[in-house]
Protein chains: 2
Amino acid sequence: MRLLLLSNSTNFGGTFLGHAGDWLRAHLSGARNVLFVPFAAVRFSYDEFVRKVAEQFQPFGCVVQGIHAAPDPVAAVRACDAIAVGGGNTFRLLARLYEFGLLDPIRQRVQDGAPYVGWSAGSNVACPTIRTTNDMPVVEPPSFDALGLVPFQINPHFTDAAIPNHGGETRSERLLEFLELNPTMPVLSLREGTALLADDRGMQLLGNQPALGFVHGQTARELAPGPFAGF
Amino acid sequence: MRLLLLSNSTNFGGTFLGHAGDWLRAHLSGARNVLFVPFAAVRFSYDEFVRKVAEQFQPFGCVVQGIHAAPDPVAAVRACDAIAVGGGNTFRLLARLYEFGLLDPIRQRVQDGAPYVGWSAGSNVACPTIRTTNDMPVVEPPSFDALGLVPFQINPHFTDAAIPNHGGETRSERLLEFLELNPTMPVLSLREGTALLADDRGMQLLGNQPALGFVHGQTARELAPGPFAGF
């Protein structure tokens, strides 16, 4: 499988996918027809989302089609060269994937070799479940079970910072709650501007900042950019 | 019905329920046996949680029992004078309420006149669903449907502030996503240190800061402390 799972689309003060151009270019090399899944969008249109992504991917020689516009979405998954899943609300994205019966077809197509690109919610749904999303549960999917393309959870947009003078759990505290109730499932926390790349050569952590690995019963561990052996 | 729904248990730099003493004293007046639901706790014990709450409620003449320690939790709900539901993780809390079959009994007991106190997750579950919680979905409840003691959603710990130099949605953006997908359901956002009181005389917003009302298609509206007519 070939996966590029980005923490986020847009760095603070940066442009849409601007920090990920080289990674995307390499990952999508040879893929002409990219099927884009815009279902995480809530307050902007799917067409608008497709246009934004198409503009970024066009220099790589990719033609981007929105899955919402395909007459037969499952056939579109089977026919595409690569799949990209954008960010937004993870619950909405997963609910729609169930609604259109797309989880099995996408999983199969990626297992068959089509490169998968996700950012934010699109990285969350690549995990076994969406239990480590940061999003508000504005709609109820039939299940939290997701694509399971990696055997651990990702927490995108990871930060140790909190809102000044405000209560509530920090991100690390939330992830420790996750581990307490899901002790066999580790979490890879990706800071903004970083990503996980997986292909036949193994896994790599991309970006200028370390990831943070959370394993039940252990202290959270910084994971330097470069080869990642998993948990 | 008599409801006291607090945004939070602990103000920044404050003590546990310290800001809410007068409200709790008045609300629990005449209630001796308070049944406490500690199921939102994830990383601390239910017994510890009960002890903390009992210490706060003891000056009001209340005896606090943890529902987890009751031989028959449903019978304990029926027999208590008041019900208190503490904060923590909303998904965990709701999952346990389903597991022990407590939603209908608690709803019934409160409709029959037992005062209900909730804070944070305990205020979330008093709403029709938990779709406006801020918590991470670390476990999957059978449904997002909750007690429905009020006919609108509450967002506790509300803040307009965001983590500096970090992407991701603000709280208001998240709530606008909720409204987009749930257009008939308004949201009452309670800043920290504030609460909603409901009894036979109507509803009151408590605290020194305004609440924020979100209604689909309208600009969010500040709601001053004092009588609240609903949406």
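Quick caveat, the model's predicted, so the values are computed rather than measured. Note on naming: letters A, B, ... go to the chains in the order of the sequence lines (proteins, then strands), and numbering restarts at 1 for each one.
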Colleague: Check each atom of B:E180 against the heavy atoms of chain A and say whether the ones under 4.5 Å are side chain, backbone, both or neither.
Modeller: side chain
Colleague: Checking an interface table here. Which of residues 207-215 of chain B come within a heavy-atom distance under 4.5 Å of chain A?
Modeller: none
Colleague: Which atom pair, heavy atoms only, marks the closest approach of A:R131 to B:V139?
Modeller: NH1-CA, 3.8 Å
Colleague: If you count the non-hydrogen atoms of other residues, nucleotides and ligands that lie under 6.0 Å from CD in A:E55, is the total more than 12?
Modeller: no
Colleague: Heavy-atom distance under 4.5 Å to chain A: side chain of B:L179, backbone, both or neither?
Modeller: neither
Colleague: For the residue pair B:D135 and A:E169, what are the closest heavy atoms and their distance?
Modeller: OD1-OE1, 4.1 Å
Colleague: Name the region of B:E140, side chain, backbone, both or neither, that has any atom closer than 4.5 Å to a heavy atom of chain A.
Modeller: both
Colleague: For A:S143, is it the side chain, the backbone, both or neither that has a heavy atom under 4.5 Å from a heavy atom of chain B?
Modeller: both
Colleague: Do you know which of A:L175, A:N165, A:T159, A:I163 has the most heavy-atom pairs under 4.5 Å to chain B?
Modeller: A:N165
Colleague: Grab the two heavy atoms, one from B:V138 and one from A:N182, that are nearest each other, plus how far apart they are.
Modeller: O-ND2, 3.0 Å
Colleague: May I ask you to name which of B:T129, B:L176, B:N134 has the most heavy-atom pairs under 4.5 Å with chain A?
Modeller: B:L176
Colleague: Of B:I130, B:T133, B:N155, which is the lone residue that meets side chain to side chain contact (heavy atoms under 4.5 Å, CB included) with A:M136?
Modeller: B:N155
Colleague: Need one label for B:A162: side chain, backbone, both or neither, based on atoms under 4.5 Å from any heavy atom in chain A.
Modeller: backbone
Colleague: Show me, pair by pair, the donor-acceptor contacts under 3.5 angstrom made by side chains of residues 4-12 of chain A, not counting sequence neighbours?
Modeller:
{"unit_1": "A:S7", "atom_1": "OG", "unit_2": "A:H157", "atom_2": "N", "d": "2.7"}
{"unit_1": "A:S7", "atom_1": "OG", "unit_2": "A:L190", "atom_2": "O", "d": "2.9"}
{"unit_1": "A:S7", "atom_1": "OG", "unit_2": "A:R191", "atom_2": "O", "d": "3.3"}
{"unit_1": "A:N8", "atom_1": "OD1", "unit_2": "A:G193", "atom_2": "N", "d": "2.8"}
{"unit_1": "A:N8", "atom_1": "ND2", "unit_2": "A:T10", "atom_2": "O", "d": "3.2"}
{"unit_1": "A:N8", "atom_1": "ND2", "unit_2": "A:N11", "atom_2": "OD1", "d": "2.9"}
{"unit_1": "A:N11", "atom_1": "OD1", "unit_2": "A:G193", "atom_2": "N", "d": "3.3"}

Colleague: For residues 36-52 of chain B, give me every residue with a non-hydrogen atom less than 4.5 Å from any non-hydrogen atom of chain A.
Modeller: B:V42, B:R43
Colleague: How about residues 85-98 of chain B versus chain A: which residues have heavy atoms under 4.5 Å apart?
Modeller: B:G88, B:N89, B:F91, B:R92
